[in-house]
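Computed from a predicted structure; not experimentally measured. Count residues from 1 along the sequence.
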Amino acid sequence: MKHVGLFYGSSTGNTEAAASRIASVLGDGNVTLHNIADTSADTLLSYENIILGASTWGFGELQEDWENFLPELQQLDLSGKTVALFGLGDQYSYSEVFLDAMGIICESVQQQGANVVGSWPTDGYEFEGSRALANGNFVGLALDADNQNDLTPQRIDRWVSELSSFFQ
């Protein structure tokens, strides 16, 4: 497996915890973790295989570190990059905007030429709307640390096993 750059933004620690678990399952020697708050565009561009993780805040908003980095991301040429996404959200309290941040980031990386991989089924979630949907699936791994945290480890394990084939 080619080395993976895993970039996350985390305000409460939930996204950071998910990123650490993903890195552990991929194998710590295969992944370098980066907090997006401390990341430059050059660092992100140094990887061919990239995982981006974000939580959705309020009514469909980006986590603040991603909000600050997104304009820089939108200036990058991501052609030839393979990007997977994971997102955290609250499917019950914010049912209309579940995982919107993941969808916003996905739209941006696709516009910049990235090949997005790692879609995830919507089965087992209860929500009304999401910008993170494409072809009936989420554009990346969907996690809900508020309501389904007990399912997070098995969801990560399954997603990483499916994702590994894209990062060869």
Side-chain angles (χ1 to χ4, degrees), residues 4-10 14-19 21-23 25-26 31 34 36 39 44-45 47-63 65-67 69-92 94-148 151-152 154-168:
V4 176
L6 196 162
F7 300 83
Y8 66 90
S10 190
N14 289 337
T15 308
E16 182 177 12
R21 170 78 186 209
I22 290 166
V25 174
L26 275 170
V31 181
H34 300 274
I36 202 70
T39 298
L44 192 136
L45 286 175
Y47 296 94
E48 288 181 45
N49 297 312
I50 301 166
I51 298 174
L52 305 175
S55 55
T56 300
W57 283 82
F59 289 96
E61 300 165 17
L62 289 169
Q63 184 266 348
D65 298 325
W66 273 109
E67 189 175 309
F69 189 78
L70 192 65
E72 198 170 344
L73 179 71
Q74 292 170 331
Q75 300 302 311
L76 302 178
D77 179 2
L78 298 177
S79 301
K81 307 290 185 188
T82 300
V83 175
L85 303 150
F86 70 96
L88 282 80
D90 182 335
Q91 65 189 301
Y92 299 126
Y94 299 96
S95 178
E96 304 87 17
V97 294
F98 183 54
L99 304 174
D100 274 8
M102 182 169 62
I104 292 167
I105 294 169
C106 182
E107 291 164 11
S108 293
V109 298
Q110 286 176 321
Q111 288 172 358
Q112 300 313 117
N115 176 34
V116 176
V117 299
S119 65
W120 187 254
T122 59
D123 300 338
Y125 300 89
E126 295 178 35
F127 64 99
E128 293 178 37
S130 178
R131 284 180 68 175
L133 292 175
N135 301 318
N137 289 316
F138 291 114
V139 296
L141 175 62
L143 301 173
D144 184 342
D146 296 319
N147 302 294
Q148 295 180 330
L151 299 175
T152 295
Q154 69 190 47
R155 285 177 171 163
I156 288 174
D157 291 352
R158 183 176 141 212
W159 185 66
V160 167
S161 71
E162 294 173 7
L163 195 62
S164 296
S165 65
F166 294 107
F167 289 159
Q168 297 302 319

Quiz item: So, for A54 and I105, which heavy atoms are closest and what is the spacing to 0.1 Å?
Solution: CB-CD1, 3.5 Å

Quiz item: Taking all atoms of both residues into account, what is the closest heavy-atom pair of I51 and W159, and its distance?
Solution: CG2-CH2, 4.1 Å

Self-check item: D100: partners by side-chain hydrogen bond (donor to acceptor under 3.5 Å, both in side chains), with sequence neighbours left out
Solution: none

Quiz item: How would you list, by chain and number, every residue that makes a side chain to side chain contact (heavy atoms under 4.5 Å, CB included) with E128, sequence neighbours excluded?
Solution: S95, E96

Practice problem: Check the pair Y92 / E126 against side-chain contact (heavy atoms from CB on, under 4.5 Å), numbers first and verdict last. | Solution: CA-CA 7 Å; Y92 299 126; E126 295 178 35; 3.8 Å; yes

Practice problem: Could you tell me which residues satisfy side chain to side chain contact (heavy atoms under 4.5 Å, CB included) with D65, sequence neighbours excluded, listed by chain and number? | Solution: N35, I36, A37, Q63

Quiz prompt | Counterpart residues, side-chain hydrogen bond (donor to acceptor under 3.5 Å, both in side chains), relative to W120 (two or more places apart) | solution = Y125

Quiz prompt | Shortest non-hydrogen contact between A114 and V83, atoms and distance | solution = CB-CG2, 3.7 Å

Practice problem: With sequence neighbours left out, write down each residue that passes side-chain hydrogen bond (donor to acceptor under 3.5 Å, both in side chains) with N137, or none if nothing qualifies. | Solution: none

Practice problem: Check the pair F138 / T122 against side-chain contact (heavy atoms from CB on, under 4.5 Å), numbers first and verdict last. | Solution: CA-CA 6 Å; F138 291 114; T122 59; 3.7 Å; yes

Quiz item: Please walk me through it: do L44 and L52 pass side-chain contact (heavy atoms from CB on, under 4.5 Å)?
Solution: CA-CA 10 Å; L44 192 136; L52 305 175; 4.1 Å; yes

Quiz item: Do side-chain atoms of S130 reach the backbone of F98 as a donor and acceptor pair under 3.5 angstrom?
Solution: yes

Quiz item: Rounded to the nearest 0.5 Å, how far apart are CG of L163 and CZ of F86?
Solution: 11.0 Å

Quiz prompt | For Y8, ring-ring contact (aromatic ring centres under 6.0 Å, His included) partners two or more places apart | solution = none

Self-check item: Check against side-chain contact (heavy atoms from CB on, under 4.5 Å), N14 and S55
Solution: CA-CA 8 Å; N14 289 337; S55 55; over 6 Å; no

Self-check item: Atom of T56, atom of A101 and distance for their closest heavy-atom approach
Solution: OG1-N, 2.9 Å

Quiz prompt | Atom pair CD1 (I104) and OG (S108), whose distance is rounded to the nearest 0.5 Å | solution = 8.0 Å

Quiz item: If you measure from CZ on R158 to CG on L141, what distance do you get to the nearest 0.5 Å?
Solution: 9.5 Å

Quiz prompt | Rounded distance [0.5 Å steps], CE in M102 versus CZ in R131 | solution = 12.5 Å

Quiz item: By side chain to side chain contact (heavy atoms under 4.5 Å, CB included), which residues pair with Q110, not counting sequence neighbours?
Solution: C106, V116

Self-check item: Interatomic distance, I156 atom CD1 to L26 atom CG [nearest 0.5 angstrom]
Solution: 10.0 Å

Quiz item: Can you tell me if T82 uses its side chain to pair, donor with acceptor, with the backbone of N115 under 3.5 Å?
Solution: no

Self-check item: Atom of F166, atom of G118 and distance for their closest heavy-atom approach
Solution: CE1-N, 4.3 Å

Self-check item: Check: T152 and D144 side chains under 4.5 Å, non-hydrogen atoms
Solution: no

Quiz item: What pairs with D146 under salt bridge (Lys or Arg N to Asp or Glu O under 4.0 Å), at least two apart in sequence or on another chain?
Solution: none

Exercise. Using the test ring-ring contact (aromatic ring centres under 6.0 Å, His included), find all partners of Y94 that sit at least two apart in sequence or belong to another chain.
Key: F59

Quiz item: In chain order, what residues pass the salt bridge (Lys or Arg N to Asp or Glu O under 4.0 Å) check against E72, with sequence neighbours excluded?
Solution: none

Quiz item: Can you name the nearest heavy-atom pair linking G124 to Q91, along with the distance?
Solution: O-OE1, 4.4 Å

Quiz item: What pairs with D77 under side-chain hydrogen bond (donor to acceptor under 3.5 Å, both in side chains), at least two apart in sequence or on another chain?
Solution: S79

Quiz item: At what distance, to the nearest 0.5 angstrom, does CG of L45 lie from CG of L78?
Solution: 6.5 Å

Quiz item: Of all residues at least two apart in sequence or in a different chain, which pass the side chain to side chain contact (heavy atoms under 4.5 Å, CB included) check with L151?
Solution: Q148, Q154, R155

